[in-house]
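First listed ligand is number 1; within each ligand, the first listed atom is number 1.
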Amino acid sequence: MAVYSDSMLQKIFAKSPTFDLNKRVFGKPVTISGGAISCNGRNVKSKAKIAVKAAAEAGVMGLKNYEVNLDLGFDVVVERELREKGFLGMRKTKLVCTIGPACCSLEDLERLAMRGMNVARLNMCHNTREWHRDVIRKIKKLNEERGFSVSVMVDTEGSLIHVVDHGVPSSLKAEEGSVWVFTAQKFEGSRPYTVQANYQGFSEGIMVGDELVIDGGMARFEVVEKMGDDLHCKCTDPGLFLPRAKLSFWRDGKLSYHGLPTLSTKDWADVDFGISEGVDFIAMSFVNDADSVKDLKNYLFARSSKSIRVLAKIETLESLQKLEEIIEASDGIMVARGDLGVEVPLEQIPTVQEDITHLCRQMNKPVIIASQLLESMVEYPTPTRAEVADVSEAVRQYADALMLSGESAIGLHGEKALSVLQMASSRMELWSHEENRQSSIHNRQLGGSLSDCIAEEICSCAVQMANNLGVDAIFVYTKHGEMASLLSRNRPYPPIFAFTSDSDARMALNLQWGVIPILVDLVDDMEANISKTIDLMRTNGMVKEGEAVLVVSDLTATHATSTTFQSIQSRLCGNSYPTRNDITRLRSHRSHPTVTSVVREEPTESLFMKELKRRGMTPTSLLEETNRGNYGVEDEMKIGDEDRGFSKRNSVSTELDKSLSNQREKSMALNSEGLEGLIPRAKLLLTLGGTFFLGFWPLILITVALFSCLYFYLGPSFVHDGSNASISPPQYIDPYELLEDERISQIAPSLK
Ligand SMILES: Nc1ncnc2c1ncn2[C@@H]1O[C@H](COP(=O)(O)OP(=O)(O)OP(=O)(O)O)[C@@H](O)[C@H]1O
Ligand SMILES: CC(=O)C(=O)O
């Protein structure tokens, strides 16, 4: 929802000039000298090189002087950012731009893509399908020819009662006490004090005395008379009717619903249009329950060869009441604050936004924060302080993406607004990290099968490892993007490079926090995948010698259909594995073993899983134990060997020690009870016996050799060998005779 004045809209439609953004940040001149950056007359010395670079970048980035590397499947913007800022300078929050008349030329779109637009949104409320087709084709052309990877989102109009759009940016003023007719009759032009509603049945169920609210409070009316389908309403709170102003009816403080379907006939035609144009996302307006989302997903599944993701827009009270089921059913969420503000009191929008963002992260669905983020920039070249605070707050809440609406669609400063989003999000991400404000989240278990649970736990452990070790990046090799998204849910500090050979997954991952999707041909051989991607990135100057990456994978080898390979590995670019010195160099000074788990897929819940659940344990808590102690029941773990520079003992940090001893206690408790503990206990005893034998065998050998020598030297009399050779018995002594010995019968002398 957007609100603009007439004069402003006229200015906007008179096509914007190009702006000189050179060396300006948030509209303030920027000078750069030495290591310091000066903005607005103040020196901002920062240890945060990344932020300084980002700030300078926004002003001076050229458009034509970039190289296109189409071989690597890398987005040209990511490639450039990586070369210039390094892994840790990569922005994590994704950016969505609404495309409108102010930014629809090839050059405009290219500029937005260069400035970091990850997803282009097309609002089907406006303009013709031909216009939208033209924009989609331009974006695809840029992707193909210029090396971008901008995803396309189609946003449905939805069933909504609004004032008919005459296509002219004009507004009407309603004064207090004036009486207006609201009608569904079709007529050309305008009639005095008459407002045309778009929906024929808009007045069904409405009674005299009901309140009619325009655009969530822009103006208010009381229904004073009902004549046929028309409503006569008296203005109680003066205000403006803007183009396509929304109408909502209230009775006794409650919203009256019209029971309109979520997708109108026009929306279904727009969905078909999206399918035929191969868009990546469909954002569904006015979703009120999970069923409508499921219907659309089924429709897309049946009709589209491409996997189109469905985003549910949360913009009604009803959708808030069924939030969890809607999030569950959809592939992502848009917090559509514009229309949500029509139904929810404005002061509640910030908390509602935070709740939705939090829930989406828990449920591993990307979330976009939309509307009025930088509204003043539709007209002005700088944002208000409050707007920057709003953007930063959304980043602090860990929203996956931020969206520009009118700022890019009709604004005079769309590109600059995008740079503001970019800078504000980079700054907040860096601050959260430096101040250690990154909030961890209690992740709920999502998957049902053992392998799903293990994937979740592996991703959460991998992120913990990556943060603790201070690795430069996480590389994930993923079939459909599942593991990349699970890693993203844990919001790691290093960026996540997601290598996939599925182009739909690549475009969908464009919306996920911290994920840099890369399209590559992946093979069954993980070693080959890892070497190939690291080599390619190294030769292209995107990674430097010695940078450390954590490698995670969910690839399934085609020759082992029932087996899922899930693993965490550590690599140094340039070396196969880190040496002890490399590890010491890493921030936390902790070493890390190379661990690969091969896990049998569990189609149904096994007794083992049930027992784990009963004891409040997770598969990976045992898996970790298995990794170190070899107590595994189902899993087989391989520990990296000595020549990789790690000793098993050295690899365990104090924290890990603690958790290890907890795990060990739990595992031992498990082992000491019941029949299920017998096999591991037997294994443990055998291991201990074997270890003893191996430890003492040289001593045993020496002892046996010594005795053999003595035997051969001294002859059989040295030892009683059990033969029948006669040996003379000792002389017999009669005990009674012994007692009579006078030495014994003497009385002991007194001690005094
Ligand atoms: N394709 C387009 N053609 C013309 N104008 C557009 C187009 N897309 C957006 N606009 C303009 O930009 C403004 C902001 O667009 P946006 O789609 O974000 O908001 P909206 O129209 O209020 O709809 P919604 O409530 O669905 O977000 C619109 O009010 C409209 O004036
Ligand atoms: C984006 C949108 O639809 C809204 O904010 O209402």
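Interface of N127 with ligand 1, defined as ligand atoms under 4.0 Å from a residue heavy atom, comprises 1 (N), 2 (C), 3 (N), 4 (C). Taking every non-hydrogen atom of I99 and a distance limit under 4.0 Å, the qualifying atoms of ligand 1 come out as 1 (N), 8 (N). Of all atoms in ligand 1, numbered sequentially from 1 with element shown, those under 4.0 Å from a heavy atom of G406 are 14 (C). With ligand atoms numbered from 1 in the order given, ligand 2 contributes 3 (O), 6 (O) to contacts under 4.0 Å with heavy atoms of E315. Contact atoms of ligand 1 toward W131: 1 (N) (distance under 4.0 Å to a heavy atom of the residue). For ligand 2, the atoms sitting less than 4.0 Å from at least one non-hydrogen atom of K313 are 2 (C), 3 (O), numbered in the order shown with element in parentheses. The contact set between ligand 2 and S371, taken as ligand atoms under 4.0 Å from a residue heavy atom, comprises 1 (C), 2 (C), 4 (C), 5 (O). The atoms of ligand 2 that sit less than 4.0 Å from any heavy atom of G338 are 4 (C), 5 (O), 6 (O).
Taking 4.0 Å as the cut-off, K246 counts as a neighbour of ligand 1 on heavy-atom distance.
For ligand 2, the polar-atom distance check against D339 finds a nitrogen or oxygen pair separated by under 3.5 Å. Among the atoms of S405, some N or O lies under 3.5 angstrom from an N or O of ligand 1. Considering both main-chain and side-chain atoms, D155 never comes within under 3.5 Å of ligand 1 through any nitrogen or oxygen pair.
More than 12 heavy atoms of other shown residues, nucleotides or ligands fall within 6.0 angstrom of atom NZ in K266. Environment of NZ in K186: crowded, with over 12 heavy atoms of neighbouring residues, nucleotides or ligands closer than 6.0 Å. By the 6.0 Å contact criterion, CD on Q348 is enclosed, its count of non-hydrogen atoms from other residues, nucleotides or ligands being greater than 12.
Under 4.0 angstrom from ligand 1, the non-hydrogen atoms of P101 all belong to its side chain. The proximity of R337 to ligand 2, defined as any non-hydrogen pair under 4.0 Å, is limited to the backbone. With a heavy-atom cut-off of 4.0 Å, A336 touches ligand 2 through backbone and side chain alike.
Using a cut-off of 4.0 Å between Lys/Arg side-chain N and Asp/Glu carboxylate O, K313 and D339 are scored as not salt-bridged. A salt bridge is defined here as a Lys NZ or Arg NE, NH1 or NH2 lying under 4.0 Å from an Asp or Glu carboxylate O, and D400 with K365 fails to meet this definition.
Residue C97 forms a side chain to side chain contact (heavy atoms under 4.5 Å, CB included) with just one option from L109, L402, L418, V150, and that option is L418. When R396, R385, R337 are each tested for a salt bridge (charged side-chain N to carboxylate O under 4.0 Å, His left out) with D390, only one passes: R337. A ring pair (Phe, Tyr, Trp, His ring centres under 6.0 Å) with F182 is found for exactly one of Y199, F221, F202, Y193, namely F221.
Closest heavy-atom approach to atom 27 (O) of ligand 1 among the candidates R121, K313, H132: R121. Taking each of E315, H126, M124 in turn, the one with a heavy atom nearest to atom 28 (C) of ligand 1 proves to be H126.
With no hydrogens or angles considered, no side-chain donor-acceptor pair links T156 and D270 at under 3.5 Å. Side-chain N/O atoms of E343 and S248 include no donor and acceptor closer than 3.5 Å. A donor-acceptor contact closer than 3.5 angstrom links the side chains of D289 and S292.
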